[in-house]
Amino acid sequence: MRLLPINQLQPGDITADTLRSADGRILLRAGVELTESMLRTLTRWNIPALPVEWPGFEDIDTTLVLSASLIDDMIKWASQSGPLTWDVINQGQHILRKMWDEQLDAHGSAFELIPVYQVGTPFLSYYVNLVGLVMRLGYQLAPEWAEAYALAALLMGFHHKGLQDGQVREEDPHHALSLVKELRQFQVPSPTITTLLQHHARYDGSGVPNLKGEEIYRGAMILGLAENFLTLVFQTNEPALPAHEALEWVVGGAGMDFSLETVKKLQRIIAPYATGQVVSLGNHDVAVVRRVPSDWPSRPIIGLLNGQDAGLIIDLRDPDQQTRVITGIYPERLWP
């Protein structure tokens with residue numbers, strides 16, 4: 001399977017995975033031959049990339065960091081009618097316990113972002129990635145509170161307007177404040193409340209509330225970092241950034257917008273390049289990402305596609321591969 005940007009797809013390409021709508025309906029199944037009209041529709045749906053069958057890539061497989069059934073449960077939970085109640089919160093906590101079990105099993109690989117084609121809209125991709133990433137970061141930095149931090153992320157999506165319009169915009173700090181007012185009538189864990197209240201604070205004191213440095217609660221640092229990173233990747237009011245560029249942006253904010261500790265941990269968790277993505281290396285080399293290990297996501301296992309070493313599979317973590325560096329996503333459909 002090769003993950004191809006929409007602008008590189010051509011009529012005749014064969015889909016390699018299922019494409020879903022926001023309500024979970026199957027729009028295209030794996031094995032469908034794309035037509036001109038299908039390609040125009042994909043563009044209107046704001047789907048940035050789609051996996052297709054590609055000669056030589058048959059054994060490249062992508063496994064969701066969260067199961068499809070769990071994603072469906074999250075979306076149904078956030079979209080249900082009626083007000084926020086204690087029963088609704090309990091349902092959310094049950095979903096998070098299932099996620100906790102899945103995430104424990106997934107720690108052998110990096111966190112690969114769940115793409116738009118697998119869930120239906122940019123907002124849903126943003127939302128399910130936010131909850132999963134906050135739990136993974138929380139597990140690394142404060143495992144005893146990881147579920148409480150993830151509950152804050154899950155609650156942010158309850159009845160969110162993005163569920164209807166699919167759009168991802170920069171969050172208004174007042175959204176979290178109004179949510180906290182509702183939550184105070186229930187016995188919600190205090191780490192969840194504090195995470196919601198403070199996640200728009202910035203490490204240099206420039207955010208809201210006006211807290212600085214280690215005054216900011218750790219869960220809030222985690223949620224704030226994940227929210228900013230994922231907004232850059234899935235935003236719809238501005239051009240979205242590929243994951244590796246969004247990661248560079250938040251790294252540049254370490255010590256100012258975000259704590260250095262949380263940024264370092266994000267770098268060790270998130271996959272800047274997805275499995276099946278074709279990337280550029282120095283010296284005009286081109287390669288496909290075959291697997292992204294958990295201990296060094298920026299140095300994945302790749303397969304070289306051109307030059308005298310074409311066909312060679314190498315692990316960029318090996319000391320003798322230090323001169324090979326991924327410089328970005330390969331911009332063309334074919335390579336020399």
Quick check: do [X] and [Y] have side-chain heavy atoms less than 4.5 Å from each other?
X      : Y      : answer
Thr41  : Arg44  : yes
Tyr203 : Glu214 : yes
Leu196 : Leu183 : yes
Val116 : Pro48  : yes
Gln140 : Arg268 : no

Would you compute the distance between atom [atom1] of [X] and atom [atom2] of [Y] and round it to the nearest 0.5 angstrom?
X      : Y      : atom1 : atom2 : result
Leu304 : Asp285 : CG    : CG    : 6.0 Å
Lys76  : Gln91  : NZ    : CD    : 12.5 Å
Gln167 : Thr236 : CD    : OG1   : 3.5 Å
Ile114 : Leu124 : CD1   : CG    : 11.0 Å
His200 : Glu227 : NE2   : CD    : 4.5 Å
Ile216 : Thr262 : CD1   : OG1   : 9.5 Å

Can you say whether the rings of [X] and [Y] are parallel (under 30°), tilted (30 to 60°) or perpendicular (over 60°)?
X      : Y      : value
Trp335 : Tyr330 : perpendicular
Phe123 : Tyr126 : tilted
Trp86  : Phe186 : parallel

Nearest heavy-atom pair of [X] and [Y]: which atoms, and what distance?
X      : Y      : answer
Tyr149 : Gly138 : CD1-CA, 4.1 Å
Gln322 : Arg299 : CA-NH2, 3.8 Å
Leu34  : Met38  : CA-SD, 3.7 Å

(message) So, applying side-chain hydrogen bond (donor to acceptor under 3.5 Å, both in side chains) with Thr275, which one of Arg291, Glu112, Arg290 is it?
(response) Glu112
(request) Going by the side-chain contact (heavy atoms from CB on, under 4.5 Å) test, name the single residue among Val292, Ile329, Ile302 that passes it with Tyr273. (result) Ile329
Ignoring hydrogens and angles, tell me if any N or O in the side chain of [X] forms a donor-acceptor pair with the backbone of [Y] under 3.5 Å.
X      : Y      : result
Trp77  : Phe158 : no
Glu58  : Gly56  : yes
Arg218 : Leu141 : yes

(request) Decide whether Tyr117 and Val278 are clustered together by the hydrophobic rule: side chain heavy atoms of Ile, Leu, Val, Met, Phe, Trp, Tyr closer than 4.5 Å, transitively. (result) yes
(message) Grouping I, L, V, M, F, W and Y whenever their side-chain heavy atoms are under 4.5 Å apart, do Met1 and Leu4 come out in a common cluster?
(response) no
(message) Can you tell whether the side chains of Arg324 and Asp309 come within less than 4.0 Å, N to carboxylate O?
(response) yes
(request) Test Ser206 against Asp204 for side chain to side chain donor-acceptor pair (under 3.5 Å), laying out the working first. (result) CA-CA 6 Å; Ser206 62; Asp204 61 1; 2.7 Å; yes
